[in-house]
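Heads up, the thing below is written out as structure tokens.
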Amino acid sequence: MAKMMDMETKIGRRFEGKVAIVTASTQGIGFAIAERLGLEGASVVISSRKQKNVDEAVEKLKNKGIEVFGVVCHVSNAQHRKDLIQKTVDKYGKIDVIVSNAAVNPSVDPLLRTLESILDKLWEINVKATVLLLQEAAPHLQKGSSIVIISSIAGYNPQPAMAMYGVTKTALLGLTKALATEMAPVTRVNAVAPGFVPTNFAAYITKDEDVKKVNEEKTLLGRLGTPKDMAAAAAFLASDDACYITGETLIVAGGLPSRL
Ligand code: NAP
């Protein structure tokens with residue numbers, strides 16, 4: 001089995017002097033991205049729906065020596081999005097990186113039996129909120145800034161039981177291209193498409209040992225992904241190492257079938 005890297009012993013300081021916002025970042029992949037950007041020198045603004053989660057995550061990151069600020073933000077709430085951007089600018093004066101990471105998957109119903117209210121919620125949180133947050137942030141984005149949108153391997157082939165979720169992640173592949181066109185040359189826009197990562201969000205895949213094993217065996221690398229694997233990819237795309245990359249999606253899925 002592939003040996004996992006201990007990123008904390010290998011990382012550089014690519015985000016010194018930069019300000020990064022990560023949505024849905026009090027646990028899982030978003031937390032790992034905030035941690036990685038912070039360890040590389042960024043001032044990070046973390047957020048999620050619950051104050052308690054925000055406070056706990058801020059504490060954890062501070063304990064690692066990271067400059068961090070927490071703001072409650074339910075991404076489909078207009079006032080919360082406004083607050084997230086305004087409080088970031090009030091505190092740090094600018095925005096260099098935004099990682100749009102929030103998503104929901106509230107239903108396992110087949111598409112033809114999914115309630116309209118669920119379709120609306122999926123669209124609102126998984127797709128629309130990214131556009132609306134960037135509308136709010138645009139006046140404050142610096143030259144050379146970078147957006148990273150968290151899509152999913154499911155976007156390439158939406159599976160039953162998470163079909164509409166998958167379709168919203170497909171939409172993010174197009175949104176990444178469209179935003180990259182609109183925001184160039186000041187801001188680059190890319191996406192990460194994670195494979196299976198054992199987080200609360202993916203508990204249905206990973207909590208049962210047999211199902212977990214089946215999913216591990218589907219990968220070429222023989223293991224599930226980690227939040228740190230996703231953070232490494234997001235940090236690369238957000239950094240100047242990726243300064244000639246825009247409009248692209250990086251699949252980080254251990255070799256799961258995706259595309260040629
Ligand atoms: P997770 O560990 O369950 O974490 C979810 C985070 O999102 C929490 O911090 C939660 O905090 C916050 N959150 C939930 N709803 C929110 C909302 N409406 N507004 C703001 N914050 C919200 O999830 P994850 O697995 O890291 O997923 C992160 C992203 O990766 C998602 O876009 C997901 O689609 C994508 N992804 C995950 C996998 C996987 O296998 N895990 C695979 C492909 C793609 P609060 O409860 O405090 O709000």
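Order of appearance sets the numbers: ligands from 1, and atoms from 1 within every ligand.
Within the listing of ligand 1, atoms 8 (C), 9 (O), 11 (O), 47 (O) sit less than 4.0 angstrom from a heavy atom of Thr26. Taking every non-hydrogen atom of Phe196 and a distance limit under 4.0 Å, the qualifying atoms of ligand 1 come out as 40 (O). The Val197 neighbourhood of ligand 1 comprises atoms 39 (C), 40 (O), 41 (N), with distances under 4.0 Å to a heavy atom of that residue. Residue Asn101 approaches ligand 1 through these ligand atoms, each under 4.0 Å from one of its heavy atoms: 28 (C), 29 (C), 30 (O), 31 (C), 32 (O). Atom numbering of ligand 1 starts at 1 in the shown order; those under 4.0 Å from a heavy atom of Tyr165 are 33 (C), 34 (O), 36 (N), 44 (C). Interface atoms of ligand 1 facing Asn200, defined by a heavy-atom separation under 4.0 Å, are 2 (O), 3 (O). The atoms of ligand 1 that sit less than 4.0 Å from any heavy atom of Asn53 are 45 (P), 46 (O), 47 (O). Near Gly28, meaning under 4.0 Å from any of its heavy atoms, are these atoms of ligand 1: 2 (O), 26 (O).
Formation of a donor-acceptor pair under 3.5 Å by the Thr170 side chain with backbone atoms of Gly155 is found in this model. In this structure, the side chain of Asn215 engages the main chain of Val211 through a donor-acceptor pair within 3.5 Å.
Note: an N/O pair closer than 3.5 Å links Ile29 and ligand 1 by distance alone. Taking only nitrogen or oxygen atoms, main chain and side chain alike, Ile125 does not reach within less than 3.5 Å of ligand 1. Taking only nitrogen or oxygen atoms, main chain and side chain alike, Pro194 does not reach within less than 3.5 Å of ligand 1. Checked by distance only, ligand 1 and Thr199 come closer than 3.5 Å through their nitrogen or oxygen atoms.
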### Task
Please test Val68 against Ile46 for side chain to side chain contact (heavy atoms under 4.5 Å, CB included), starting from the C-alpha separation and ending with a verdict.
CA-CA 7 Å; Val68 54; Ile46 62 156; 4.1 Å; yes

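Looking at every heavy atom in both residues, Ile153 comes nearest to Gly195 through CG2-CA, 3.8 Å.
The closest approach between any non-hydrogen atom of Ser76 and ligand 1 is not below 4.0 Å. Using 4.0 Å as the threshold, Lys169 has a heavy atom nearer than that to some atom of ligand 1.
The residue from Ile153, Val75, Thr168 that puts a heavy atom closest to atom 19 (N) of ligand 1 is Val75. When the options Arg49, Glu56, Arg81 are ranked by their closest heavy atom to atom 16 (C) of ligand 1, first place goes to Arg49. Taking all heavy atoms of Ala57, Ala202, Ser151 into account, the minimum distance to atom 44 (C) of ligand 1 is reached by Ser151.
Scanning all protein heavy atoms for the shortest distance to atom 12 (C) of ligand 1 gives Ala24 CB, 3.7 Å. Of all protein heavy atoms, the one closest to atom 20 (C) of ligand 1 is Cys73 O, 3.1 Å. For atom 42 (C) of ligand 1, the closest heavy atom belonging to the protein is Gly195 O, 3.0 Å. At the shortest separation from atom 45 (P) of ligand 1 among protein heavy atoms lies Ser48 OG, 3.4 Å. Ranking the protein heavy atoms by distance from atom 1 (P) of ligand 1 puts Gln27 NE2, 3.7 Å first. Scanning the protein heavy atoms around atom 35 (C) of ligand 1, the nearest turns out to be Ile150 CG2, 3.8 Å.
For Phe201, heavy-atom contacts with ligand 1 shorter than 4.0 Å involve the backbone as well as the side chain. Under 4.0 Å from ligand 1, not a single heavy atom of Pro227 appears.
For the residue pair Thr226 and Asp229, a side-chain donor N or O sits within less than 3.5 Å of a side-chain acceptor on the partner.
A salt bridge links Lys213 with Glu217: at least one charged nitrogen is closer than 4.0 Å to a carboxylate oxygen. Taking the charged nitrogens against the carboxylate oxygens, Lys94 and Asp96 do have a contact shorter than 4.0 Å, which makes a salt bridge. A salt bridge links Glu136 to Lys82: one of the charged nitrogens lies within less than 4.0 Å of a carboxylate oxygen. Between Arg14 and Asp240 there is no salt bridge, since none of the side-chain N atoms of the basic residue sits less than 4.0 Å from a carboxylate O of the acidic one.
The local environment of NZ in Lys207 is sparse, with at most 12 non-hydrogen atoms from other residues, nucleotides or ligands closer than 6.0 Å. More than 12 heavy atoms of other residues, nucleotides or ligands shown are found within 6.0 angstrom of CD on Glu16. The neighbour count for Arg13 CZ, taken as heavy atoms of other residues, nucleotides or ligands under 6.0 Å away, is above 12.
Figure legend: cation-pi geometry between Lys60 and Phe31, with NZ or CZ positioned under 6.0 Å from the six-membered ring centre and within 45° of its axis.
Of the inter-residue distances, the one linking His80 atom NE2 with Cys73 atom SG reads 7.0 Å to the nearest 0.5 angstrom.
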Name the atoms and distances for all side-chain donor-acceptor pairs under 3.5 Å in residues 183-194, with sequence neighbours left out.
| unit_1 | atom_1 | unit_2 | atom_2 | d |
| --- | --- | --- | --- | --- |
| Thr187 | OG1 | Ser145 | OG | 2.7 |
| Arg188 | NH1 | Leu237 | O | 3.0 |
| Arg188 | NH1 | Ala242 | O | 2.8 |
| Arg188 | NH1 | Ile245 | O | 3.1 |
| Arg188 | NH2 | Leu237 | O | 2.9 |
| Arg188 | NH2 | Ser239 | O | 2.9 |
| Asn190 | OD1 | Gly247 | N | 3.2 |
| Asn190 | OD1 | Glu248 | N | 2.9 |
| Asn190 | ND2 | Ile245 | O | 2.9 |

